[in-house]
K.L.:
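This structure is in structure tokens; I'll ask about it shortly.
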Amino acid sequence: MKRRQWLGLIALPLVGNAFAQFGGRRRREGGGEQKKSGEEPRANQIEVTLHEFHEDLKLTDAQEPAWEIYVAKLRALANDVARESRSRPAQLDLVQRIDRIVDSARNRLTALEDIAQSAKSLYSGLTPEQQKMADPRLANLIAMPLAARSPLSVN
């Protein structure tokens, strides 16, 4: 178990760098924050990426509500993943661990469906120029909170 946790900590900056390629042109400015431990860098990375994406899109007042809904749902998923990774439940037997994994996956699916719906709504309200900019980034942002924790590391 410890071995997987260490591998996860080692892989965390690598995953972050992979997502940073899609995050925007100013990505290197916040790179020093990844040196901290825990989930905080992941949350900060998501926030920085969201901020940059928002700036780049140059949304109109009419587009802002769809953006806010999308961001709220994305933040909720990121917070849920971070909270779950910090929780250390009492020792569970095999059946309880299996149930927990299934419940977690079910919750993630529901959250992802909500985010996908809000992303589609946001995307449909963008201009063609904004859609070109949003095309790779909108979907990659959805994956960022999930990359913070591997489903194989559920306690």
Side-chain angles (χ1 to χ4, degrees), residues 7-87 89 98-155:
L7 289 173
L9 287 174
I10 292 169
L12 186 63
L14 299 174
V15 171
N17 289 338
F19 282 117
Q21 294 175 10
F22 301 104
R25 60 185 175 271
R26 294 174 299 278
R27 170 62 50 223
R28 289 187 183 97
E29 292 174 9
E33 292 192 27
Q34 285 185 336
K35 305 256 188 275
K36 296 177 186 174
S37 64
E39 292 300 318
E40 193 171 331
R42 172 87 35 221
N44 289 341
Q45 184 178 7
I46 291 170
E47 290 301 320
V48 168
T49 304
L50 283 170
H51 178 75
E52 292 173 355
F53 187 29
H54 185 255
E55 281 183 3
D56 292 345
L57 284 176
K58 297 177 178 72
L59 298 172
T60 65
D61 289 341
Q63 294 169 325
E64 283 292 333
W67 169 261
E68 292 301 325
I69 292 169
Y70 169 73
V71 168
K73 291 180 184 295
L74 191 63
R75 284 179 179 147
L77 176 61
N79 290 335
D80 188 42
V81 169
R83 184 176 34 258
E84 184 178 286
S85 70
R86 286 190 306 263
S87 70
I98 291 170
D99 287 342
R100 182 169 181 203
I101 290 168
V102 171
D103 287 342
S104 178
R106 189 177 295 122
N107 291 340
R108 298 289 175 268
L109 176 60
T110 301
L112 286 172
E113 289 171 338
D114 290 345
I115 294 168
Q117 186 61 40
S118 65
K120 290 174 186 177
S121 177
L122 171 64
Y123 188 78
S124 69
L126 298 177
T127 66
E129 295 81 27
Q130 289 172 318
Q131 286 180 346
K132 286 179 188 174
M133 187 178 304
D135 190 15
R137 295 165 79 180
L138 202 58
N140 289 333
L141 269 166
I142 295 171
M144 287 179 76
L146 299 175
R149 181 137 193 239
S150 166
L152 296 177
S153 64
V154 174
N155 292 332

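Nothing fancy with the numbering, it's 1 onward along the sequence. Owing to the predicted nature of the structure, the values given are computational and were not obtained by experimental measurement.
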K.L.:
Can you measure from CG (Leu126) to NZ (Lys132) and round to the nearest 0.5 angstrom?
P.N.:
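Between Leu126 CG and Lys132 NZ, I get 13.0 Å after rounding to 0.5 Å.
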
K.L.:
May I ask you to say whether Arg83 pairs ionically with Asp80, meaning some side-chain N is under 4.0 Å from a carboxylate O?
P.N.:
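Result for this pair is yes, salt bridge flagged.
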
K.L.:
Taking only residues two or more places apart in sequence, or in another chain, which ones meet Asp99 in a salt bridge (Lys or Arg N to Asp or Glu O under 4.0 Å)?
P.N.:
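Result, salt bridge (Lys or Arg N to Asp or Glu O under 4.0 Å) vs Asp99: none returned.
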
K.L.:
Can you tell me how far CZ of Arg75 sits from CD1 of Ile115, rounded to the nearest 0.5 angstrom?
P.N.:
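Rounded to the nearest 0.5 Å, the CD1-CZ separation comes out at 12.0 Å.
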
K.L.:
For Asp61 and Pro65, which heavy atoms make the closest approach, and how far apart are they?
P.N.:
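Looking at all heavy atoms of both residues, the closest pair is O-CD, 3.4 Å.
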
K.L.:
Do any N or O atoms from the side chain of Thr49 and from the backbone of Gln45 form a donor-acceptor pair under 3.5 angstrom?
P.N.:
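Yes; at least one donor-acceptor contact below 3.5 Å.
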
K.L.:
Among side-chain atoms of Glu55 and His51, is any donor-acceptor pair under 3.5 angstrom?
P.N.:
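Judged by distance alone, the side chains do pair up.
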
K.L.:
Could you check if a side-chain atom of Met133 sits within less than 4.5 angstrom of a side-chain atom of Lys58, using non-hydrogen atoms only?
P.N.:
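With C-beta onward as the side chain, the pair stays apart.
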
K.L.:
Could you check if a side-chain atom of Gln130 sits within less than 4.5 angstrom of a side-chain atom of Gln63, using non-hydrogen atoms only?
P.N.:
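Of all side-chain heavy-atom pairs linking Gln63 with Gln130, at least one is under 4.5 Å.
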
K.L.:
Is there side-chain contact between Val71 and His54, with at least one heavy-atom pair below 4.5 Å?
P.N.:
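No; the side chains remain at least 4.5 Å from each other.
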
K.L.:
The test is salt bridge (Lys or Arg N to Asp or Glu O under 4.0 Å); show your working for Glu84 and Arg108 and say whether it passes.
P.N.:
CA-CA 11 Å; Glu84 184 178 286; Arg108 298 289 175 268; 3.2 Å; yes

K.L.:
Looking only at non-hydrogen atoms, find the nearest pair between Leu112 and Leu77 and report the distance.
P.N.:
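Shortest heavy-atom contact: CD2-CD2, 3.9 Å.
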
K.L.:
Out of Tyr70, Tyr123, Trp67, which residue meets the side-chain contact (heavy atoms from CB on, under 4.5 Å) rule with Ser118?
P.N.:
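Output: one option passes, namely Tyr70.
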
K.L.:
Any salt bridge linking Asp103 with Arg106? Criterion: basic side-chain nitrogen under 4.0 Å from a carboxylate oxygen.
P.N.:
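Counted as a salt bridge, because a side-chain N and a carboxylate O are separated by less than 4.0 Å.
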
K.L.:
Which atoms form the tightest heavy-atom contact between Ala78 and Pro145, and what is the distance?
P.N.:
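In this case the closest contact between Ala78 and Pro145 is CA-CB, 3.6 Å.
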
